[in-house]
Amino acid sequence: MIRKYVIGKPLIQTFSTVRQIDPSADPLPYFTQRRTKKHLYFHYQLDRKDIVYGLGENMGGINKRGHTYASYNTDNPIHRENTPSLYSAHNFLIVDGRDLFGVFFDTPSKITFDVDKTTPGELFIRTANDNLDIYMITASDANSIAREFLSLIGRPFLPPLWAFGFGQSRWGYKSEADLLAVMEAHKLNRLPLDWLCMDIDYMDHFKLFTFNKLRFPFLPAFVEKTRQRGVHLVPIVDAGVKVEEGYDVYEEGVVGDYFCRNKDGGIFKGTVWPGIVHFPDFFRPEVRRWFGDKYKAMLDLGFDGFWNDMNEPSIFSSEYSKVKSKLDIVKGFFNPHHKESKAEEVAHFDYHNFYNVADGKPLVHHLVHNLYGGYMTMASCQGIERHYDKRFLLFSRSSCIGAHRYGGLWTGDNESRWDHLRTEFHQLPGLNMCGFLYSGADTGGFGSNCTRELLLRWLALSVFTPLMRNHAARRTRSQECYMFGHISAFRNVLMLRYRLLPYIYSEFMKAALNDDMYIKPLAFVFDDPRVRGIENQLMVGESIMIAPIMEKGQTERSVYLPEAMTMVSYRNQKFTTEKLKKGKHTIEVPEDEVVFFIRHDHCIIIGREALNTAEADLKNVELLGDGKSYLQYLDDGYTRVTNIENARLIKRATN
Ligand code: GLC
């Protein structure tokens with residue numbers, strides 16, 4: 001059951017929910033409330049064994065206890081277990097224990113969740129704006145609560161089939177020649193590839209919707225050529241528009257009055273990659289329409305995938321902030337005197353000094369900050385939809401709940417570190433709970449230098465995430481799969497992705513169209529007290545359990561099976577299976593092998609090897625596991641889908 005509580009008069013309408021719920025006249029259950037001049041506080045006393053799930057992209061583990069989290073979208077390059085703010089605001093959590101409820105704080109403003117950190121056992125939530133809607137969800141178990149919530153916030157973004165293939169990316173591929181070389185290396189080494197990202201260097205001086213003609217002299221022939229080889233190009237589109245006379249996007253923005261203004265009425269200026277930029281005021285429908293229509297030219301060139309970045313918005317400096325570079329922000333984190341992150345503190349200067357016009361009224365950006373990135377994704381998605389009639393790929397760095405209907409998400413600038421592999425693992429169920437089914441991290445890590453072992457182990461997790469992209473920062477060690485020698489192990493893990501594609505695609509689509517999560521904590525599926533609190537095993541779709549290796553040097557680990565399962569190993573591009581009993585096991589997983597588990601009485605479907613999704617055959621599948629049948633979702637992979645139709649469900653059964 002979903003109950004809505006309206007506190008004060010919400011500042012603006014957010015776009016988080018799709019269902020109309022009448023406000024309840026009763027007081028908010030479970031929480032006590034307190035109001036000070038500046039803030040509104042909500043307190044709840046957790047029991048010792050209660051688990052707190054959710055909060056989307058936030059770090060801190062699957063169980064959120066022990067840390068403070070602040071939803072205040074921040075371009076934060078330092079990802080630590082106790083980092084309070086990343087790029088998104090996902091204000092939904094589930095308390096599972098003595099009480100069982102889900103709660104969503106629907107606010108465009110900053111909100112802080114102290115989950116058993118400052119005061120032992122206390123969950124306390126502080127809002128910067130004392131007008132908000134709260135949705136309280138109750139059901140018989142945590143999984144049903146998550147599903148109710150997903151039905152409240154609406155169907156997630158559905159990418160095309162090719163977006164489930166492997167994507168390669170690097171900030172540093174600068175030209176057609178660079179991208180061709182990556183494609184060529186994949187082909188030569190028989191490494192599958194479906195998409196290649198184009199990072200900021202493809203643009204002319206980082207001007208949005210432009211191309212550097214020297215580096216990309218043969219567009220659209222180049223786009224066509226890559227497509228013929230089965231590869232989609234995915235350019236980045238940032239938020240800030242370069243201030244430059246003669247640049248059409250800038251000039252149209254000024255003439256149309258599409259940019260955010262500062263408190264003196266002038267257009268707000270910040271610096272990002274292009275130098276001085278203006279920020280489109282995505283809160284206004286006419287601005288979203290204008291910006292969204294800019295994708296038409298790119299679509300006409302043959303592109304059908306994009307990533308939106310720097311849309312917190314990230315601002316390196318402005319006339320208001322004193323900080324000059326990202327490096328200063330990074331340094332700030334090492335200053336123990338800063339209570340909250342320096343990035344957040346810096347951004348405060350700027351975010352207090354420009355305005356968005358939301359619901360017809362100018363509001364200081366700070367108050368509506370968390371919707372900015374989401375509105376950019378909405379603008380992009382709706383613009384693309386106006387000019388392109390098939391499914392396309394879109395994912396964003398910054399987001400809020402509601403934005404999951406318009407695009408997927410990647411988790412930003414992580415690093416090549418073992419703890420960041422674990423971080424992604426911990427983020428996945430929270431993201432799924434908040435509607436971001438199409439999500440994933442930079443496989444191999446964005447910052448720092450990756451190692452062969454780390455990349456292999458990370459790929460073994462990414463095999464199961466809908467967004468599977470290897471991405472790295474400039475000046476880091478090259479981390480393409482063919483850079484580390486003994487390529488067969490990389491081929492093995494990438495081929496596994498393509499062999500599992502029929503299952504992954506089917507489970508993703510079934511989950512998305514049935515208000516379900518694609519990746520879940522074990523406790524959402526098994527009624528077994530021993531799975532409560534497991535932080536290193538997850539369910540992927542209905543039938544697979546994963547327990548990857550996430551420690552350096554480890555080649556064996558322990559796994560708890562809440563029921564008998566089939567253990568599947570993929571090595572030398574071959575499957576082997578072994579039945580394991582319920583209980584604790586130690587499993588061996590050499591570096592060149594991927595291991596996963598199939599539930600008892602369940603089957604999964606596997607296809608043949610393929611070098612891209614266009615080659616993959618999702619119709620001719622084999623069953624694996626000790627179940628008798630599998631219900632496969634199957635469609636052409638690109639026609640737009642609105643609901644789950646029986647016509648798309650095919651029963652695959654053993655003979
Ligand atoms: C940001 C993005 C990263 C990208 C870089 C350059 O740091 O998070 O993915 O490569 O900008 O565009």
Side-chain angles (χ1 to χ4, degrees), residues 57 59 73-79 83 85-88 167-175 178-179 182 195-212 215 233-242 270-275 277 279 305-317 325-330 333 343 346-347 372-373 376-377 380 393-399 407-416 420 423-424 427 439-450 458 462 467-480:
E57 178 180 68
M59 318 229 354
N73 299 352
T74 305
D75 174 8
N76 186 350
I78 304 289
H79 299 188
T83 295
S85 295
L86 290 180
Y87 311 89
S88 296
Q168 178 59 46
S169 181
R170 179 177 176 83
W171 178 13
Y173 301 154
K174 284 195 159 76
S175 60
D178 288 352
L179 293 164
V182 178
W195 48 288
L196 264 176
C197 282
M198 292 162 64
D199 209 320
I200 46 174
D201 296 307
Y202 79 83
M203 290 181 254
D204 172 20
H205 293 89
F206 309 121
K207 283 181 275 183
L208 311 185
F209 307 109
T210 69
F211 289 88
N212 181 316
R215 292 174 178 170
L233 295 171
V234 179
I236 194 168
V237 178
D238 285 356
V241 175
K242 184 172 172 65
T271 59
V272 195
W273 308 122
V277 299
F279 293 99
F306 306 90
W307 43 315
N308 283 166
D309 190 24
M310 309 304 273
N311 50 354
E312 293 70 29
S314 174
I315 305 173
F316 297 165
S317 69
S325 70
K326 260 194 169 181
L327 192 68
D328 295 316
I329 299 173
V330 174
F333 280 91
V346 165
Y372 188 86
M376 179 184 182
T377 314
S380 305
L393 173 57
L394 179 67
F395 56 100
S396 171
R397 193 172 71 177
S398 183
S399 72
L409 167 160
W410 98 100
T411 55
D413 298 347
N414 60 2
E415 285 177 61
S416 303
H420 284 186
T423 294
E424 176 183 9
Q427 287 170 315
S439 54
D442 287 349
T443 301
F446 176 73
S448 313
N449 296 325
C450 192
W458 208 316
S462 303
L467 192 169
M468 182 189 195
R469 177 179 75 146
N470 176 345
H471 180 49
R474 62 182 173 172
R475 302 197 191 110
T476 59
R477 175 183 184 181
S478 299
Q479 66 184 43
E480 292 78 10

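Both counts, for ligands and for their atoms, begin at 1 and track the order of listing. Numbering of residues begins at 1 and proceeds along the displayed sequence.
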I'd like to check the side-chain contact (heavy atoms from CB on, under 4.5 Å) partners of Thr443; sequence neighbours left out, ordered by chain and number.
Leu455, Trp458, Leu459, Ser462
With distance as the sole test, does Thr271 use its side chain to make a donor-acceptor pair with the main-chain N or O of Ser317 at under 3.5 Å?
yes
Indicate yes or no for a side-chain donor-acceptor contact from Asn470 to the backbone of Gln479 under 3.5 Å, with no hydrogens or angles considered.
yes
The answer for which part of Trp307 has a heavy atom under 4.0 Å from ligand 1 is side chain
Does any N or O atom in Asp309 lie less than 3.5 angstrom from one in ligand 1, N or O only?
yes
Quick check: do Ile315 and Phe279 have side-chain heavy atoms less than 4.5 Å from each other?
yes
Nearest-option assignment for atom 4 (C) of ligand 1, heavy atoms, candidates Asp238, Asp413, Asp75, Asp199:
Asp199
Hey, are Ser399 and Ser88 close enough side-chain-wise for a donor-acceptor pair under 3.5 Å?
yes
As an exercise, identify every atom of ligand 1 less than 4.0 angstrom from a heavy atom of His471.
3 (C), 4 (C), 9 (O), 10 (O)
Specify whether Phe446 and Trp171 have parallel, tilted or perpendicular ring planes, treating 30° as the upper limit for parallel and 60° as the lower limit for perpendicular.
parallel
Check whether any N or O atom of Arg397, backbone or side chain, sits under 3.5 Å from an N or O atom of ligand 1, and answer yes or no.
yes
Between Trp410 and ligand 1, which part of the residue brings a heavy atom under 4.0 Å of the ligand: side chain, backbone, both or neither?
side chain
Which of the numbered atoms in ligand 1 are under 4.0 angstrom from any heavy atom belonging to Ile236?
12 (O)
